[in-house]
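Here is how names work: the chains are called A, B, and so on, in the same order as the sequence lines, proteins then strands, and each is numbered from 1. Reckoned from all heavy atoms, side chains included, excluding hydrogens, waters and symmetry mates.
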Amino acid sequence: MRVKVFVTPRQGILDPQGRAVEGSLKSLGFKGVGSVRVGRYIVVDIDTPSKAEAATAVKQMCDQLLANPNIEDYRFEVDAE
Amino acid sequence: MRVKVFVTPRQGILDPQGRAVEGSLKSLGFKGVGSVRVGRYIVVDIDTPSKAEAATAVKQMCDQLLANPNIEDYRFEVDAE
Amino acid sequence: MKWGVVRFPGSLDDGDALHALREVMGQDAAMLWHKDESLAGADCVVLPGGFSYGDYLRCGAIARFSPIMKSVAQFAADGGLVIGICNGFQILCEAHLLPGALMRNRSLSFICDFINVRVDNAQTPFTRAARAGEILRLPIKHGEGCYVAPPEDLAQMEERGQVLLRYVNDAGAETDDANPNGSMRSIAGVANDRFNVFGLMPHPEHAVEKMLGGADGLKIFESIIEGAR
Amino acid sequence: MSAAPVALPGDPTIDAVQARAHGLTDGEYATIEHILDRAPTFTELGVFSVMWSEHCSYKSSRKHLRMLPMKGPKVVGGPGENAGAIDVGDGWVAVFKIESHNHPSYVEPYQGAATGVGGILRDIFTMGARPIANMDSLKFGSFDHPRTRFLLGGVVGGIGGYGNCVGVPTVAGEVMFDAGYNGNILVNAFALGLARREDLQSARAQGAGNPVLYVGSATGRDGIHGASLLASAEFDAESESKRPTVQVGDPFTEKLLIEACLEAIKTGAIVAIQDMGAAGLSSSSSEMAGRGGLGIELDLGRVPLREANLTPYEILLSESQERMLIVAARGREAELAAVFEKWDLHAVVIGRITDDGRWRALWKGQVVADVPVGAISDDAPVYDRPMQAPSANGATAVHPVASVDAPSPAAALRAIIASPNVASKRMVFRQYDSLVQGNTVMGPGSDAAVLRIKDSRRGLALKVDSNPRACALDPYLGAIATVCEAARNVACAGARPAGITNCLNYGNPERPEIMWQLVRGIEGLRDAAIAFDTPVISGNVSLYNETEGRAIPPTPTIAMVGTLDDVARHLKQYFKFAGDAILIVRTAPSSLAASEYADLFGAHDQKLAPIDLARERKLIDGLVECADRRLIRSAHDVSEGGLAVALAESCFNPGILLGAEVSLGDSGHSAEVLFGEGPSTVVISAPIENVQVLHKIFVPLEVVAIGRVTTAGRLKIDTIIDEDVATLQCLYEEAIPGRLNQS
Ligand SMILES: Nc1ncnc2c1ncn2[C@@H]1O[C@H](COP(=O)(O)OP(=O)(O)O)[C@@H](O)[C@H]1O
Ligand SMILES: [Mg+2]
């Protein structure tokens with residue numbers, strides 16, 4: 001299976017990186033740019049019999065390692081490959 | 001509109017972060033973990049009349065700023081909101 | 001000759017470069033502001049070390065769009081001398097004024113240390129004061145100094161002698177241990193194919209006074225001065 | 001105007017219960033009602049709760065801190081301001097301070113440590129001084145504790161991540177691992193800045209009508225109640241649930257703030273300036289007004305917000321980072337705004353100074369808080385808490401007794417030099433930029449860091465130290481021993497100790513034995529500071545360092561700053577020339593009490609020997625004279641690991657492989673002599689011809705020529721130790737990385 005994990009700075013938590021990119025896009029002249037958030041995109045190949053098992057594993061991975069519960073939210077997608 | 005950009009290390013380019021994560025996941029005892037790639041996940045809110053225009057804008061953003069063509073690939077999704 | 005040191009928001013070693021050039025080497029050097037487009041008649045432009053724009057997104061990715069970078073690109077196109085140190089090197093790569101890119105150190109952590117580099121091409125405006133094969137002891141301090149480039153480009157750069165500096169051990173050999181950040185082919189500094197733009201991760205401006213740990217960095221600046229004569 | 005402030009829709013009813021939920025005692029709440037002659041609004045209650053918290057008000061320690069010597073011929077500015085300053089010559093003053101970020105770093109190691117560095121830096125440049133050096137004092141649980149690795153990685157990453165990015169070198173520090181910190185680590189961050197004497201800024205508001213400017217990051221919900229709840233209550237499951245939005249540091253914005261503020265100060269348009277630290281806008285505004293004996297009025301609607309719909313309560317209590325509050329000279333706002341714009345920062349007028357002595361906050365045209373300035377800034381309760389020495393001579397630490405079969409000296413040396421507390425901390429300080437700004441003559445690695453002062457021949461030496469093991473045995477002597485070590489480290493670099501800043505890390509002051517530790521610690525600091533003529537120019541107190549009712553060992557952290565008239569005369573700890581004589585200078589015979597040896601192998605000796613401060617002072621003066629007269633080539637203070645380890649460390653010259661051949665005589669083969677850590681001993685090397693005069697210089701101290709520096713690359717101590725220096729160095733360097741890699 002291939003699992004895609006999306007980690008984003010939690011709402012309300014300062015995201016300096018997002019603000020910097022936002023500023024830069026605006027000064028590059030892009031119109032209508034609103035808020036920008038910068039997070040991590042993690043692709044994990046995992047060999048499990050079922051999607052369900054992959055999902056349980058990935059949830060644990062996120063809670064233990066991939067995301068920082070203090071300041072980040074995550075979601076993930078499991079797509080069989 | 002909300003645009004989601006996924007930036008990943010180009011195939012063949014080493015990804016030390018990915019390897020580190022892979023290592024930690026294994027040492028945490030996760031079974032069946034294969035290769036791991038770590039990239040960036042960028043969410044841009046942009047106010048454009050149409051999805052198409054958002055798409056054109058984002059493509060430029062990626063080429064100019066959000067991704068480094070030497071070492072990274074990107075793809076993006078535009079979802080109306 | 002005249003020197004211009006560019007100050008970006010988040011530049012940190014700009015003052016140190018200026019100090020090395022003015023106070024230590026008695027050069028005529030001025031600070032340039034990233035929002036200006038004028039290079040104030042500089043014969044050599046220095047892009048200093050630091051964390052321009054906090055190194056957010058990618059090191060150098062945002063600074064590259066500063067107004068002054070247009071002028072720097074034009075200056076380089078006209079054959080002017082440009083040297084990028086650490087963050088300056090990263091900016092030059094992001095601006096495509098130098099080939100390749102700089103990624104997270106292999107160890108994933110920031111490294112501050114003195115290391116050896118070997119001068120592999122001493123025929124350039126940036127190295128002519130050194131002997132080919134000469135070993136310089138210079139400090140590095142970076143978290144993203146791992147040099148990468150597509151194999152075909154690398155081959156070409158090697159052929160043309162664009163690799164000016166490599167990390168080596170005390171015996172002058174490229175070894176894995178002597179490569180602090182995992183750079184391809186132990187590359188520490190590269191020039192463009194016209195040899196008027198040079199980027200390096202080590203900090204020559206922090207190796208110009210014996211009391212502060214060594215003066216090998218002078219070789220780089222002396223080379224540039226020599227060429228200008 | 002003084003219409004009673006209005007309650008806002010959704011405000012809870014205010015009573016003693018609500019006050020308790022805010023960490024205020026019933027007595028404190030009654031006082032508030034008395035001061036106001038009415039019940040406070042919810043907004044006011046919030047402000048009182050943070051301003052009267054232990055963290056902001058020092059209510060348990062203030063009375064005792066008064067005993068510290070804070071004045072001196074070289075002290076400039078000082079009490080009342082954010083930090084004191086020391087005149088270091090040629091018109092330069094050094095401003096320095098140390099502060100704890102213990103609890104935030106335990107909750108979120110990277111950001112907690114990073115924002116700790118950011119906060120202390122603002123304390124420095126708010127004085128008008130350019131920060132030129134950082135130090136960090138770190139205490140983790142035992143090395144093998146499951147959380148230690150994670151915390152170590154996060155904290156070190158955060159300190160480096162922030163310090164490296166703002167361009168302030170981290171030049172020294174300390175790291176200790178001890179089970180006493182398993183549930184409550186210590187992260188104490190130090191910063192030092194230089195200013196021209198005339199440029200020193202004040203945080204004393206002046207001039208009714210002067211505008212109040214807000215500069216820096218927008219305000220979010222970060223760390224609301226961080227100060228009062230996290231730093232003023234024991235750390236347990238409950239406070240976990242009260243965990244505020246974690247503060248995230250933005251070192252890039254901090255760097256812009258440093259440059260912009262220092263430039264703005266040059267315009268002369270700034271009347272007073274203060275960073276928004278703990279209790280953010282509430283403390284900075286009330287303290288500046290309070291110092292000036294004036295009032296202040298803030299229009300909270302003008303405060304830049306990161307998210308919509310923050311309440312006045314949240315705006316006033318937010319601890320968002322990288323924010324400064326400035327009182328500007330009326331009519332010169334634009335001038336200042338221009339400077340900040342240049343740095344892509346925005347200065348916003350959010351209020352004005354008044355002469356009515358009130359601290360007033362407006363929201364949508366209504367007054368939501370209106371209290372006497374003094375009530376929140378100065379008149380916080382001061383407690384004289386009961387104290388009680390624990391039985392059993394005050395020892396709070398149980399040490400093992402001597403193990404049945406003590407190891408051979410050589411085996412003990414190999415074991416001790418590879419124990420994480422003694423081994424090289426390179427893995428840590430390699431992650432810190434110690435070179436930026438080009439002043440680092442000696443970075444991490446020797447006893448103290450040495451900085452040059454540009455455009456002069458002068459230099460500074462600095463080091464931060466602590467000795468919780470000794471303090472656990474005797475909080476008074478332990479504090480003295482800590483100051484002595486810090487002074488020794490600085491003097492070993494050839495510098496004259498000039499001033500102290502301190503961070504007092506203790507447990508719950510409501511427990512008499514903890515209060516006793518605190519007061520004994522302060523008394524020790526006082527006596528030692530007086531003995532060395534080193535005024536205490538700033539400091540910070542961190543209490544309630546407890547988990548599940550278990551307090552950390554008493555940990556006064558002492559940072560010492562010393563001055564060199566000629567930085568070229570500084571010393572390092574490494575032997576330099578084969579053939580030089582090796583001597584030890586001692587104030588008293590050493591003991592195994594509180595030593596690494598005792599920790600590893602046990603020892604009977606668990607009572608600290610008394611310390612004769614006159615002799616300690618003599619040792620410092622002697623070292624400074626030796627350096628100044630260029631009589632010695634190296635000096636190394638004997639600390640963790642004792643004399644044998646100090647001798648080995650002196651051989652680890654990065655430039656050249658040397659050895660030492662030493663004879664201590666039969667009496668010198670005891671574990672006490674080889675591995676004892678206190679009181680004071682220093683290892684020096686000098687040309688043979690200077691040995692005679694050295695004896696004179698250090699009278700009445702014991703000076704013993706114990707051997708020679710050799711080219712052999714071996715450390716030989718009589719017949720009991722004969723080790724290859726390179727091998728010892730490998731043990732020393734590889735210990736921590738090695739143990740981290742084996743998972
Ligand atoms: N956390 C740290 N940050 C920077 N430098 C450190 C840190 N920990 C230790 N060091 C450096 O390692 C060396 C040894 O530290 P330490 O054992 O505390 O010295 P000493 O025993 O002389 O007080 C010193 O140069 C010190 O500055
Ligand atoms: Mg020492």
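- Heavy atoms from other residues, nucleotides or ligands lying under 6.0 Å from NZ of B:Lys26 number more than 12.
- Contact of B:Val7 with chain A is made through the backbone alone, with heavy-atom distances under 4.5 Å.
- Atom CG of B:Asp15 sits about 9.0 Å away from atom OG of B:Ser35, to the nearest 0.5 Å.
- Contacts between B:Lys31 and chain A at a heavy-atom distance below 4.5 Å involve the backbone alone (N, CA, C, O).
- Considering CG of A:Leu65 and CZ of B:Phe30, their distance stands at 8.0 Å, rounded to 0.5 Å.
- Residues A:Ser50 and A:Glu53 have side chains that bring a donor and an acceptor to within less than 3.5 angstrom of each other.
- Ranked by heavy-atom pairs under 4.5 Å with chain B, the list A:Val43, A:Ile46, A:Val21 is led by A:Val43.
- When each of B:Thr48, B:Asp47, B:Leu66 is scored by its heavy-atom pairs under 4.5 Å with chain A, the top score falls to B:Asp47.
- Counting heavy-atom pairs closer than 4.5 Å to chain A, the top residue among B:Ser24, B:Gly18, B:Gly39 is B:Gly39.
- Heavy-atom pairs under 4.5 Å with chain B were tallied for A:Glu22, A:Arg40, A:Gln64; the largest tally goes to A:Arg40.
- Of the charged side-chain nitrogens involved, none lies within less than 4.0 Å of a carboxylate oxygen, so that A:Asp79 and A:Arg2 do not count as a salt-bridged pair.
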